[in-house]
Amino acid sequence: MSGSETYRKIFRTIRRIPKGKVATYGQIARVAGFPNQARLVGYALHALRGDRDETVPWWRVINARGESSLGSEDDAALQRGLLKKEGVRFDKKKRTDLKKFGWKK
DNA sequence: CAACTGACTGCCG
DNA sequence: CCGGCAGCCAGTT
């Protein structure tokens, strides 16, 4: 179990991301109250993989480069698919424009 | 208890 | 634009 208070704040923040927008790990961390701890966000989401009960839009969280940071290209493709369904576009390098689709808090 | 590891990031060259 | 590197944290071994 990873029901720590820290993770809850992170999940709560991720749920605020509006549909059709994406946020970076670092941004989530900052908004949740943990500046410079992007990795912590990555951890929280990684733990989420086993807990499907948590309704968190994990696919709206990407790295600072604007691309999916998932290990396998397979999962990355799935994430892009979910985002594309919400209107987020990716270029041929599989990157998205954070200036345009980035979540403006 | 120390060493590893990983859904990250900013800085350098 | 891209690879390399150190800082950061929590959960595992």
Side-chain angles (χ1 to χ4, degrees):
Chain A
M1 288 275 261
S2 1
S4 69
E5 190 57 36
T6 302
Y7 280 14
R8 299 219 169 172
K9 283 190 176 181
I10 291 173
F11 291 145
R12 201 177 306 149
T13 302
I14 294 176
R15 289 201 188 83
R16 291 202 211 130
I17 306 173
K19 181 183 176 185
K21 296 288 181 180
V22 295
T24 67
Y25 292 88
Q27 180 175 21
I28 295 299
R30 181 160 45 77
V31 177
F34 305 97
N36 306 323
Q37 293 184 190
R39 235 169 180 174
L40 195 53
V41 177
Y43 253 137
L45 288 173
H46 183 233
L48 200 62
R49 282 200 122 210
D51 278 322
R52 301 273 169 115
D53 293 323
E54 290 282 358
T55 46
V56 179
W58 57 268
W59 58 90
R60 295 185 189 146
V61 185
I62 59 181
N63 63 30
R65 294 176 183 173
E67 50 188 16
S68 170
S69 196
L70 300 187
S72 69
E73 174 53 38
D74 218 35
D75 290 332
L78 170 63
Q79 178 168 32
R80 286 198 300 278
L82 290 167
L83 287 174
K84 188 174 182 179
K85 207 188 294 185
E86 299 186 343
V88 179
R89 293 193 180 188
F90 288 83
D91 59 19
K92 292 180 180 177
K93 288 174 188 169
K94 294 161 185 174
R95 290 185 187 173
T96 189
D97 186 357
L98 290 174
K99 293 289 183 183
K100 186 167 185 174
F101 300 107
W103 175 38
K104 288 118 188 168
K105 175 168 55 70

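No experiment lies behind these values; they were computed from the predicted model shown. All heavy atoms count here, side chains included; hydrogens, waters and symmetry mates do not. Naming convention: chains lettered A, B, ... in sequence-line order (proteins, then strands); numbering from 1 in each chain.
Checked by atom type and distance alone, the side chain of A/Glu67 never pairs as donor or acceptor with a backbone atom of A/Arg95 at under 3.5 Å. With A/Lys21 contributing its side chain and A/Lys100 its backbone, the two residues share a donor-acceptor pair below 3.5 Å.
At least one side-chain nitrogen or oxygen of A/Arg95 sits closer than 4.0 Å to the OP1 or OP2 atom of C/dC2.
If you measure from atom CD of A/Glu67 to atom P of B/dC8, you get 11 Å, rounded to the nearest angstrom. Rounded to whole Å, the distance from CD on A/Gln37 to P on C/dA6 is 20 Å. Put simply, CZ on A/Phe34 is 17 Å from C1' on B/dT9, counting in whole angstrom units. Taking atom NZ on A/Lys9 and atom P on C/dA10, their separation rounds to 13 Å, with Å as the unit. Nucleotide C/dC9 holds its C1' atom 15 Å from the CG atom of A/Leu45, rounded to whole Å. Straight-line distance from the CD atom of A/Gln27 to the C1' atom of B/dC8: 14 Å, rounded to whole Å. Taking atom CD1 of residue A/Ile14 and atom C1' of nucleotide B/dA7, one finds them 10 Å apart after rounding to whole Å.
Residues A/Gln79 and A/Ile62 have side chains in contact (heavy-atom distance under 4.5 Å, counting atoms from C-beta outward). Counting heavy atoms from C-beta on, the side chains of A/Leu45 and A/Ile14 come closer than 4.5 Å.
Note on A/Ser68: nothing from the nucleic acid sits closer than 4.0 angstrom, heavy atoms only.
Side-chain proximity of A/Leu40 to the nucleotides C/dC9, B/dT9, B/dA7 is greatest for C/dC9. In this structure, of B/dC8, C/dA10, B/dA7, it is B/dA7 that holds the atom nearest to the side chain of A/Trp58. Closest to the A/Ala64 side chain, of the nucleotides B/dC8, B/dG10, C/dG11, is B/dG10. Among C/dG11, B/dA7, B/dT9, the nucleotide with an atom closest to any side-chain atom of A/His46 is B/dA7.
With a cut-off of 3.5 Å on both Watson-Crick or G-U wobble distances, the partner of B/dA7 is given as none.
Rounding to the nearest 0.5 angstrom, the gap separating the CG atom in A/Leu40 from the OG1 atom in A/Thr6 is 6.0 Å.
A donor and an acceptor atom sit less than 3.5 Å apart, one in the side chain of A/Arg39 and one in the base of C/dC8.
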